[in-house]
Amino acid sequence: MSAPPYETHAVERKWQRVWEDKGVYRARAAPARPKFFANVPYPYMNGYQHLGFAVPFLRAEFFSRYKRMTGHNVLFPQAFHCTGLPILGAAERIAEGEPVQVQILRDMGIPEAEIPAFRDPIHWIEVFPEAAALGAAVDWSRLFITTNLNAPYDAFVRWQFRKLKEKGYVQLGKHPVIWCPKDEAPIGDHDRLEGEGVQPVEFTLLKFPIANAFLVAATLRPETVFGQTNLWVDPEATYVKAEVDGESWVVNPRAADKLREQGHAVRVGPTLTGKDLIGKEAVAPGLDQPILVLPSRFLDQGRGTGIVTSVPSDAPDDWMALKDLKADAAQIGALGLDPARIAAIQPIPIIQSEGWGPLPAVEISDRMGIESQMDREKLEAAKAEIYRTGYYTGVMTAAAGEFAGVRVEEAKERIKARLLESGQAATLWEPADPVVCRCATPAIVKIVDNQWFLVYGNAEWKRAAHAALDRLVFFPEAVRKQFHYTIDWLRDWACAHHRGLGTQLPWDDHWVIESLSDSTVYMAYYTIAHALQDGKLRSEVPWAKALTDAFFDYVLLGSGNAGTVAAQVGTDAKLVEHLRKEFLYWYPFDLRNTGKDLVQNHMTFCVFNHVALFPPEQTPRGFGITGFVRLGGRKMSKSKGNVWYLRVALEEWGADVVRMMVANAGGGMDDPKLDLEFAEVARGRLAGWHAFATAKGEGADAPTPLDPWFLSSLNRSVALTREAMQAMEYRIALRTGFFDLQAAWDWYRARVGVPNRQIRDRFVETQTKILAVFAPHVCEEVWQRIGRSDFVVTASFPEARASEVDVRAEASEAFVRRVLDDAREILKVTGIEPKALTLIIAPPWMREASALAASLAREGPVTMSSFMERAMGVGSLQGRPSELAGLAKRLVEDVSRARREDLDRLAMVFDERAYLEAARPFLERQFRCAVAVREAGEPGLVDPKGKARSAMPGRPAIYVE
RNA sequence: GCGGGGGUAGCCAAGCCCGACCAACGGCGCGGGACUUAAGAUCCCGUCCCUUAGGGGUUCGCAGGUUCGAAUCCUGCCCCCCGCACCA
């Protein structure tokens, strides 16, 4: 049991308090200084935050800290989001005592007695803000929440929407919504007992003329009309004859209701049963041939019209129903059908897809051993498989007439359009999967015709958004294409709904702006939030309670005049002018970092809306994208039960370790992986750093021969770390700036025995500063304990000093290392336990020849002859042409494939003997035996195995006793 | 199918844009050693195969190609992940 070296939690709390008290992270415009404005999307406040939020958040935070330490005035604000349905829905469910929702709160550790308080949505919002414990460098004076719970923000969003509407970016349109016929209201995700996330899909209604009416069948596969062989109705089911848009349709009663909700004029007429229809003939749309109406049992009366067209070639349901019927002579007889005609019905090949014969439904039914049309489970799987391959790889056959040879994906749309055009078809919307309202009523789809849209489909707007992307910097660059693609396919977005928390549409208070639409340009609000909010989630600033459009026009757009605006809102002109300056100073933001799930909605909306409201110089400058956080190899997600709450992680590891873990989790397009083993390592290393850095410094006040080498390594580490930080590559930064630097120190210490105290101090200072980005608490503690009076978190990040990069020191140390490695290799291979080592360096002329070759190579390509020519002009080399020629071949080869910077090193002639002599005590410690240094050819050299022959410049021969 | 990102030694993961420093960074795991009463922590060494002298062999999804030289460039193929689409 060893006591922790310092009290992690206590130290972290202490510094968090101090930083806050001293306003270290509070940011105000300072025109003389360069600024950096970073932010992340505000989190939604329906529970405690988990690491899925913390990772993108911290990736932005690290960057903001780095920028602060490299001379920038940094703004890193944070707010909270409560727009939308989840909180409201959850609060209502708590009010109803709904057990699942109650359990969710229990699981988050909410005491039983406090659970009833969550009936009030506002309680949720006020309980959960808890991010400060991460030690994040946030300017909390700009804190706020969204919706009309916070008047100035509410006014801001209303301003935004009025502007968008003025410019024609918000328009009315039609929109299918999942709808509860009993409540007569749309059903949001969080009001559903069943069917979360289910969207409406569009069916094609095929109209089969029969007598003076149409039988109307619903299908999702209009391209299969060429394979129709018959119609299915349920003999026991009830149908109605209804007048729809002036035509007479036969559908089931539910379908009649649905059609009415979808904008059709419907008048329900007489009732009939399935039996009445069976045996009749109707002309099939597309196919243009009469087909029989036959009985089946698999029809779902809740979906479509209760009448289904039969395509036994590609629909396993139809194939099985047909098979069942053919085998059921009794039913055929009872319904008075002609057995011969039924026996004659054969599937028609219409789609050729990869890996399938002409009749996939027949094929798969056989393969899966499907017994009958009631074998629902297998049939669903069969359908899914056939549909998938058919849709992606299928091509229409000759049966499709003019569509022969067209891919299914394309044919589907074209055939549907053709049928609609010719009046042979109509459309019907259904939920893609069953949806049940909280009132237990099954949902239908309603076409709402007064829906407000943000018209992201607008070509002009898209063009401007594309242009804004071209001005953006992406981390990583690879996501840029993703954004362009999203802009292209994005359609109009329904931007308001009837329920939930939010801001009302300014021109129509029946509507509440939905959550992805009220959060597109609010980063601008941060620039003035300190004055509007005064550090409170819900503003209590009197004059900010009634902000006008003129206020935002002036502050954010620069139109109008400060005096007028000030008088209007009841504050003074100076303040209004000041806010305009804050905005101009900070905006646009330099980095917004989010999870990659937001690329196709929020982040793209952000670009669109900036383009709509602000001039080009104020559209976003940098977007960072983070993958999906993985824990234990699995994606972190609430629904999969693989969540790690921030408060739990912080409790267990402390903020610094959690931050290190996040930095190490990896960036780019990869999913960041939280590695608990690394956390363990990091915990130890941070504690170790604290202990080392704050210990009474061992060492002497005297230079060592290794000082230049260590400083050189240190500067290289710093340079690489800066490069990595600038690219948000934190794992690399951690490696170069922490682990590699530590390894360099370990080597230095092992080499010199007693370090130079000055070097040690330099190491401590540099390391503490670098590490402060990731582990600010430990570093601040160290900083204070080594006697610094400022804050390390605002200190300047180490500079790479070119003057301290010492190529010669690096070369000589690489030489020592090479000797060490070579000797080890020999010992390993031979298995000899050494009694003594003799290092035999190459003779001086060889070393000169080597350096000559390298310096020639720096000037241009070297050949044997050009080298020899020059070498023969050098005094010490003249006397030995044959020996030189032998060496030259190898030198020329080595030198011609070396890199530029290695040549610089190779070109140096240095005193190998002196270096090895100096390193002798170290080598002797390493090998635990005597080490001698000799030179090839010197008198009295003991070399029984003739090793001296293999001595080369930079690689002494080694003789082991 | 469309768009994007990938496949590197037991695992994680650099390198690939800008071909030679690459048997291929680093971490984990594993083996050995130092330190310690011991454990842990820490530090050092090793960890594709062969090798009693610093060497050799075979590797970077698969198959070809370009090149004096390819993990890196080109062509084709296979597989994985994300988004879209789609799932009567």
Side-chain angles (χ1 to χ4, degrees), chain A residues 1-2 5 201 203-204 217-221 224 232 298-300 303-304 308-311 314-318 379-380 383-394 407-410 412 430 432-433 476-486 488-490 596-597 599-600 627-628 633 635 664 666 668-671 673 675-678 680-681 683-685 687-688 691-692 729 731-732 734-736 739-740 742-743 746-747 749-750 818-832 894 896-902 925-926 928 945 947 950 955-960:
Chain A
M1 279 285 286
S2 65
V201 293
F203 282 63
T204 302
T219 181
L220 279 168
R221 305 194 57 186
T224 62
W232 298 119
F298 73 86
L299 304 180
D300 173 357
R303 257 166 113 63
V308 167
T309 188
S310 169
V311 185
D314 289 81
D317 282 335
D318 298 336
L379 279 167
E380 290 304 323
K383 262 189 297 201
E385 184 175 342
I386 289 186
Y387 189 88
R388 200 158 275 276
T389 42
Y391 185 79
Y392 293 143
T393 69
R407 291 189 310 119
V408 169
E409 194 176 354
E410 186 188 341
K412 187 189 197 87
E430 289 276 18
D433 285 305
E477 172 62 27
V479 296
R480 182 187 299 277
K481 286 182 194 165
Q482 206 87 266
F483 276 95
H484 280 297
Y485 186 75
T486 304
D488 283 334
W489 67 248
L490 210 62
K596 66 180 171 190
D597 51 330
V599 170
Q600 37 267 114
F628 297 127
K635 183 178 161 184
N664 182 61
M669 288 261 74
D670 294 334
D671 290 340
K673 288 177 200 132
D675 181 351
L676 295 182
E677 277 162 354
F678 177 83
E680 200 64 68
V681 170
R683 167 144 65 191
R685 298 296 288 255
F692 171 84
E729 293 282 0
R731 186 209 284 272
I732 293 170
L734 217 44
R735 205 176 75 206
T736 58
F739 293 102
D740 288 355
Q742 295 280 320
D746 289 336
W747 174 256
R749 266 260 301 253
R818 173 94 218 211
V819 171
L820 183 70
D821 287 343
D822 274 352
R824 275 197 183 122
E825 178 73 15
I826 292 166
L827 296 178
K828 181 186 146 206
V829 172
T830 62
I832 299 172
D894 285 353
S896 61
R897 68 169 60 161
R899 284 187 315 179
R900 175 85 218 181
E901 57 185 271
D902 293 326
R925 280 201 302 278
Q926 291 293 313
R928 298 159 199 273
K945 294 204 172 170
K947 291 292 171 195
S950 59
R955 292 192 81 179
I958 297 164
Y959 171 58
V960 184

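Sequence lines set the chain letters: A, B, ... in the order given, protein chains first and strands last, and positions in each chain run from 1.
Side-chain proximity of A/F628 to B/C82, B/G54, B/A34: nearest is B/C82. For A/D746, the listed nucleotide lying nearest its side chain is B/C43; candidates were B/A34, B/C2, B/C43. For A/T219, whose side chain is taken as the heavy atoms from C-beta onward, the closest listed nucleotide among B/C44, B/A88, B/A53 is B/A88. Here the side chain of A/Y485 is nearest to one of B/G26, B/G1, B/G83, namely B/G83. In the set B/C44, B/A14, B/C87, the nucleotide with an atom closest to the side chain of A/L220 is B/C87. For A/F203, taking side-chain heavy atoms from C-beta onward, the closest of the listed nucleotides B/C28, B/G26, B/A88 is B/A88. With B/G54, B/G1, B/C25 as the candidates, the nucleotide lying closest to the side chain of A/A957 is B/G54. Closest approach to the A/K828 side chain among B/A88, B/U51, B/C44 is made by B/U51 (side chain taken as heavy atoms from C-beta onward). The side chain of A/I826 lies closest to B/G54 when the candidates are B/G54, B/C82, B/A14. Comparing B/C87, B/G55, B/C28 by their closest approach to the side chain of A/R955 singles out B/G55.
Distance check on atom C1': B/C50 versus B/U42 gives 35 Å, rounded to whole Å. Going from the C1' atom of B/C22 to that of B/C60 covers 10 Å, rounded to whole Å.
For the pair A/Q482 CD and B/C81 P, the interatomic distance rounds to 17 Å; values are reported in whole Å.
A 3.5 Å limit on both hydrogen-bonding distances identifies no Watson-Crick or G-U partner for B/U67.
Considering only side-chain N and O atoms, A/R824 lies nowhere under 4.0 angstrom from the phosphate OP1 or OP2 of B/G33.
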